[in-house]
Amino acid sequence: MTISTGSPWRGSMQEPAGRADLDAQRAAESYMLPSVEPVQLIDPDGRHVHNDKYPLPDGDSLLGAYRELVVGRRVNDQANALVRQGRMAVYPSSHGQEACQVAAALCIEAADWLFPTYRDTVAVLARGVDPIQALTLLRGDWHSGYDPYEHNVSIQATPLATQLLHAVGVAHAAKLKGENTVVVAMCGDGATSEGDFHEALNFAAVFHVPVVFFVQNNQYAISVPLSHQSVAPSLAHKAIGYGMPGERVDGNDLAALLAVLGKAVDRARDGGGPALVEAHTYRMQSHTNADDATRYRSDDEVAQWVPKDPVMRMRTYLTELKLLDESTEKDIAAEAERVAAALREGLNAESEVDPEDLFRHVYSEKTSQLREQAAKLREELSREQL
Amino acid sequence: MSTTLTFAKALNTALADEMEADPTVVVFGEDVGTLGGVFRITDGLTKRFGEERCFDTPLAESGIMGMAVGMAMNGLRPVVEMQFDAFAYPAFEQVVSHVAKMPNRTRGKVKLPLVIRIPYAGGIGGVEHHCDSSESYYAHTPGLTVVSPATVPDAYTMLREAIRHPDPVVFLEPKKLYWSKEDLELEALRSSANSFGRAVVAREGTDATLITYGPSVSTALNAAAAAAEEGRSLEVIDVRSIVPFDDATVMASVRKTGRAVVIAEAPGFASVASEIVARVQERCFHSLAAPVLRVTGFDIPYPAPKLEHFHLPSVDRILDAVDELQWEDA
């Protein structure tokens, strides 16, 4: 491996601007500001909305994405049911946010990287990760169940915003190695208050690395509404503070998400540096099955988001354009059922845990202390079996 | 051929040699580029290897640490500098929640071969936040390998070993030793790397064992020299590798001498010194002629420069502890 030469920095950020340059400077700065309204290409009624900056993705792409959307919704519903049946400890559902999940997975290539959070299981599955392996975390067998290098999907992060810095590091290493990798780093609205969010965006901008920060603003951090996290004009506005473009998008509009994320990914791949995308969406269910959302938000508020559902509007749009017919719809529903059945089968099977695993991966080689402790546990277990 | 090097230059040479040997090694942190680090440990590396291999970052320790995690995930071997012990605390979450746990979390799929260099401990008249002995925080975190060299040859070999290590290493540099000098055979050292999990007998003795590491090794050796003049033979163990801990070498010494004092600068309560005492009494109880004692820093925030000499383990305080090891029963 060789590390490519050239400065890791973009260059001087503080060139003094003369009076004649001021207009140019303002133009250079304003490109970093998000659109006045969140970008929307298909409205809640399923109608195309024209946008000069973002053309509508082609029909085949939208149909393929719709397929993932329907499967994702089914995965969320099935996982919730499996928690109720005691087959998983907990499941933070992305019900209502599936368009964000699908777009995050589809906007990048196989060699690119995705950094998901605990709520992003649907995105993880859309990248191709085995569903049972992905749900190992929530079943309680181990802290993660899949090999991150198999699909270039980092383990689902539980602490908030810490994974954004790992994403910057992966992108930085790729850049130094001369690889053309783009990294999509996901977080929620609450995580934008964390210090690591700030540090990750700043590092990404200063080192000019190809990371697309994708904030799913679902309006709540467990019980705390966005108004208590930030009084910025939008979360996307934070981008300009770091010297990168920010964009806001209707997070329930899969077409707009694919267009906006796709553009940010292309720009990053072409050496344009990082970007921040904020998706306006809504967490339709509680934080997890252990939470009770009725304690902090009204049914009326939730009801307002029902007609904005990401699945319905895509179905309407694709059906009216004759891109989706009854037989394709049935085919997609059958596929979703197959995935759900596989989830049930996989998670209903009793999983084996090995107590020796407790010591196996703490270090590449067990320390003498861990060897002693493993032997003690083995001895305890052998006595129990007598 | 013998060369005279300072502890700082030995570290600098180790970094350069490892960067030369392995193109995936990258060095970054605050002021490590053009300036060469506030202690000059990275002096000349940017000039020699380019600013892709040794570079300054924005002033944010969590950012440095988190970026290092990602770089290690993607095939590089980052060596990061935390400018001072207490300035490493903003990176604590990254260290504890990710650096230490990622390999275990992923069942060894993700290895994090990275080194966190931290100048630590006192004795240089530094102001607050520049003199902490923070080793216990790291040693208490499973998944971290925690080492601290106490000699110039060890500074060189242990840093090279840390960079080659497959797991994350917290590399604690006693900053009061940076200017100490020793003659060493650099060529011979280049092929020796066997310090992790291995303590060394820094001075042989028969009457009692002083167990210590990092900045307190030289103090313990001075105490042993003073005790010898009074006819008492003290063995000094330089732990070197706090995690993994070399029980075998330490216990062999205590079983031989039957008496032990553990010495460290950090506050003694719930510390590495406490752990060593516990391990010695669990394993050597029937060889002990006296309770195992400790000479540590007081359980206080690190004192201001004019007061630090009251706080730090001194030769006299070590000799007093040795005197208390129930010699009348011998």
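Note that the structure is predicted; figures quoted are calculated from it, not measured. All chains are named by letter (A, B, ...) in the order of the sequence lines, taking the proteins before the strands, and each is independently numbered beginning at 1.
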Answer with side chain, backbone, both or neither: which region of [X] has an atom nearer than 4.5 Å to a non-hydrogen atom of chain B?
{"X": "A/Glu194", "value": "neither"}
{"X": "A/Ser364", "value": "both"}
{"X": "A/Ala174", "value": "both"}

Chain A contact via [X] - side chain, backbone, both or neither, heavy atoms under 4.5 Å:
{"X": "B/Met102", "result": "side chain"}
{"X": "B/Phe245", "result": "both"}
{"X": "B/Ala68", "result": "neither"}
{"X": "B/Leu144", "result": "backbone"}

ask   = Hey, does the side chain of A/Thr367 reach the backbone of B/Pro244 with a donor-acceptor pair shorter than 3.5 angstrom?
value = no
task = Using atom types as modelled and distance alone, determine if a side-chain donor or acceptor of B/Gln94 lies under 3.5 Å from a backbone N or O of A/Thr162.
result = yes
Answer yes or no: does atom [atom1] of [X] have more than 12 heavy-atom neighbours from other residues, nucleotides or ligands under 6.0 Å?
{"X": "A/His143", "atom1": "NE2", "answer": "yes"}
{"X": "B/Gln281", "atom1": "CD", "answer": "yes"}
{"X": "B/Tyr137", "atom1": "OH", "answer": "no"}

How close do [X] and [Y] get, counting heavy atoms only, and between which atoms?
{"X": "A/Asp196", "Y": "B/Ser62", "answer": "OD1-OG, 2.5 Å"}
{"X": "A/Pro148", "Y": "B/Lys109", "answer": "CD-CB, 4.1 Å"}
{"X": "A/Phe207", "Y": "B/Asp56", "answer": "CZ-O, 3.7 Å"}
{"X": "A/Leu165", "Y": "B/Gly63", "answer": "CD2-CA, 3.5 Å"}

message = Taking the side chain as everything from C-beta on, heavy atoms only, tell me whether A/Leu176 gets closer than 4.5 Å to B/Met71.
response = yes
inquiry  = If we define contacts as heavy-atom pairs under 4.5 Å, which of B/Gly143, B/Pro166, B/Gly108 has the most with chain A?
reply    = B/Gly143
Chain A contacts, top residue of B/Val110, B/Val243, B/Asp246 (heavy-atom pairs, under 4.5 Å) = B/Val110
In Å, rounded to the nearest 0.5 Å, how long is the span from [atom1] of [X] to [atom2] of [Y]?
{"X": "A/Glu179", "Y": "B/Asn74", "atom1": "CD", "atom2": "CG", "value": "6.0 Å"}
{"X": "A/Phe203", "Y": "B/Ile64", "atom1": "CZ", "atom2": "CD1", "value": "5.0 Å"}
{"X": "B/Thr106", "Y": "A/Asp147", "atom1": "OG1", "atom2": "CG", "value": "8.0 Å"}
{"X": "A/Tyr149", "Y": "B/Met73", "atom1": "OH", "atom2": "CE", "value": "5.0 Å"}
{"X": "B/Thr145", "Y": "A/Tyr363", "atom1": "OG1", "atom2": "OH", "value": "5.0 Å"}
{"X": "B/Glu52", "Y": "A/Lys175", "atom1": "CD", "atom2": "NZ", "value": "9.5 Å"}

note = ring-ring contact (aromatic ring centres under 6.0 Å, His included) filter on A/Phe115, not counting sequence neighbours, yields A/Trp113
task = For chain B, find which of A/Gln369, A/His166, A/Glu199 contributes the most heavy-atom pairs closer than 4.5 angstrom.
result = A/His166
Charged N-O contact under 4.0 Å between A/Glu372 and B/Arg283 = yes
request  = Establish, yes or no, whether the cationic atom of B/Arg107 lies under 6.0 Å from the six-membered ring centre of A/Trp142 and within 45° of the ring axis.
outcome  = yes
inquiry  = For the aromatic rings, using the six-membered ring if either is Trp, is the centroid distance between B/Phe55 and A/His172 under 6.0 Å?
reply    = yes
